[in-house]
Amino acid sequence: MESSGSDYDVIIVGAGVMGSSTAYYAAKRGLKTLVLEQFDFLHHRGSSHGESRTIRAAYPQQHYCQMVMKSYQLWEEAQAQAGFNVYYKAHHFDMGSSNDPMILSVVENCRQNNLPCQLLRREQVAEKFSGRIDIPDDWVGLSTEYGGVIKATKAVTMFQSLARSHGAVLNDNVEVVDIKNDGGSVVILTAKGEKFRGKKCVVTVGAWVNKLVKKISGVEIPIQPLETHLCYWRIKEGHQGKFTIGGDFPTFASLGRVLLYGSPSFEFPGLIKVAVHGGNLCDPDKRPWGAGVMMDEMKEWVEGRFCGLVDSSEPVVKQACMYSMTPDEDFVIDFLGGEFEKNVVLGAGFSGHGFKMAPVIGKILTELVVDGGTNEVDLKHFTIGRFKSDF
């Protein structure tokens, strides 16, 4: 471990996908970079582990659509430098009620960004997917070519390896318990009594953000940890090849009262991933490791949408994960402010949909450290100040 008291340009607290991506972009810009992770690297207690995450440009918000399109480019650049793939291409398919405002907004964003899309009625959906997907008569489907799958733990490993190759120091099993302002620098205090000094600090601690931010600044940000589960369902015998990645089966999302999403068969042969966007409130240090949420709704959806080709009786694999939810499900990317002014940058509240944008978020957090601002996105969407009435 690097000796206590060393000076760094930036210290990143938290080595999930956001912290690891930030470490890569910071080290790449020549910053002397230190990363501190409270658990083992690649642990399974947070939000960045597991087999896969979906990437899609089909967002109702224009700024997210643009951030995802930039991320596609950055994923490809990073994996080319690493020498192995973490991003795998697929088309994407949204489905929901024909008057769902989210679908209408996605169509508008696709048109504004010149992203080809097809709006399909029920019979057209059945034809396009050769009887593998069925939707109700009053639903529509929206097909776009910008989908795909990110290998989650492998992606975190990639960013950590690239950060190290650019000179970053990464230490795990170092729990940060406080951050102090010290004459324009930040001092990081650990549970073992160590001190690390840096010019700037980036906090990317996922579901632990409220505990740490309240300790260092007294500010309570309304970010709630939720426990959720990624579920994998068995494709019935003889139909496995119809749902595999690399063919014409897409990543997908189903809009409505229950928001579900999933991806083609990839990480577990013969299984397809379908999960609910949501979860149960939890304390990240006292997880219930519960049985899952909305299982009945999910079973009904799997049975109805996949034309009986997937066994809906029970998921055969479940992977626990955490969301860090803001009330509006938008991110927090901002300076902590107060006595720290612009010396502490916060990346938090990624609300179960941020992973796909990890490279552009890491780039943005690095630009906030180095340049004091970013041209990648208008940060008004992500300010801490939008929660003032909740403070």
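Note that these values count all heavy atoms, side chains included, but never hydrogens, waters or copies made by symmetry. The model shown is predicted, which means the values in this text are computed figures rather than measured ones.
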Check ion pair Arg305-Asp134 (N to O, under 4.0 angstrom): no
Pairing residues for Asp40 by the side chain to side chain contact (heavy atoms under 4.5 Å, CB included) criterion, not counting sequence neighbours: Asp172, Asn173
Residues which pass side chain to side chain contact (heavy atoms under 4.5 Å, CB included) with Glu175, listed by chain and number, not counting sequence neighbours: Gln38, Val177, Ala191
Let me have the donor-acceptor pairs involving side chains of residues 345-361, under 3.5 Å, with sequence neighbours excluded, atom names and distances please.
unit_1, atom_1, unit_2, atom_2, d
Ser351, OG, Ser324, O, 3.3
Ser351, OG, Thr326, N, 3.2
Ser351, OG, Gly349, O, 3.0
His353, ND1, Tyr59, OH, 2.8
His353, NE2, Glu329, O, 2.7
Lys356, NZ, Tyr59, OH, 2.9
Lys356, NZ, His353, O, 2.9

With sequence neighbours excluded, residues passing ring-ring contact (aromatic ring centres under 6.0 Å, His included) with His239: none
Rounded distance [0.5 Å steps], CZ in Phe382 versus OG1 in Thr374: 10.5 Å
Aromatic contact, His277 with Tyr323 (centres under 6.0 Å): yes
Salt-bridge criterion met for Lys299 and Glu314 (N-O under 4.0 Å): yes
Partners passing side chain to side chain contact (heavy atoms under 4.5 Å, CB included) against Asp285 (at least two apart in sequence or in another chain): Arg45, Trp208, Lys211, Asp283
Note: Glu367-Lys363 ion pair, threshold 4.0 Å (strictly below): yes
His43 side chain to Glu37 side chain, donor-acceptor N/O pair below 3.5 angstrom: yes
Spacing of Lys200 atom NZ and Asn343 atom CG [to the nearest 0.5 Å]: 5.0 Å
Contact list for residues 86-100, test salt bridge (charged side-chain N to carboxylate O under 4.0 Å, His left out), sequence neighbours left out: none
Residues Ser312 and Trp233: side-chain donor-acceptor under 3.5 angstrom: no
Contact list for residues 12-25, test side chain to side chain donor-acceptor pair (under 3.5 Å), sequence neighbours left out: Ser20-Gln160, Tyr24-Lys28, Tyr24-Gln81
Val140: side chain to side chain contact (heavy atoms under 4.5 Å, CB included) partners, not counting sequence neighbours: Ser98, Ile103, Leu119
ILVMFWY network linking Leu31 to Val13, side-chain heavy atoms under 4.5 angstrom: no
Electrostatic pair Arg386:Asp330 at N-O distance under 4.0 angstrom: no
Ring-ring centroid check Phe93 Phe249, cutoff 6.0 Å: no
Ala291 versus His229, closest heavy-atom pair with distance: C-CE1, 4.2 Å
Residues clustering with Trp289 (ILVMFWY side chains joined when closer than 4.5 Å, directly or via others): none
Sidechain N-carboxylate O distance under 4.0 Å for Asp137, Arg122: yes
Salt-bridge present (Lys199, Asp9; N to O < 4.0 Å): yes
Presence of salt bridge, Asp248 and Arg132, under 4.0 angstrom: yes
Cation-aromatic face contact Lys242/Phe306, 6.0 Å, 45 degrees: no
Pairing of Arg29 and Asp371 as salt bridge, 4.0 angstrom limit: yes
Flag, side chain of Asn210 to backbone of Ile223, donor-acceptor distance under 3.5 Å: yes
Side chain to side chain donor-acceptor pair (under 3.5 Å) pairs, two or more places apart, involving residues 139-150: none
Salt-bridge contact Arg121-Glu123 (side-chain N to carboxylate O under 4.0 Å): yes
Within one Ile-Leu-Val-Met-Phe-Trp-Tyr cluster: Leu189 and Val209, side-chain cutoff 4.5 Å: no
Ring centroid separation Trp301 to Tyr261 under 6.0 Å: no
Of all pairs that satisfy ring pair (Phe, Tyr, Trp, His ring centres under 6.0 Å), the ones with a partner from residues 95-114, not counting sequence neighbours: none
Euclidean distance, Cys201 SG relative to Leu336 CG, rounded to 0.5 Å: 9.5 Å
Distance, nearest 0.5 Å, that separates OH of Tyr64 from CD of Gln62: 13.5 Å
Qualifying residues under ring-ring contact (aromatic ring centres under 6.0 Å, His included), relative to His49, sequence neighbours excluded: His44
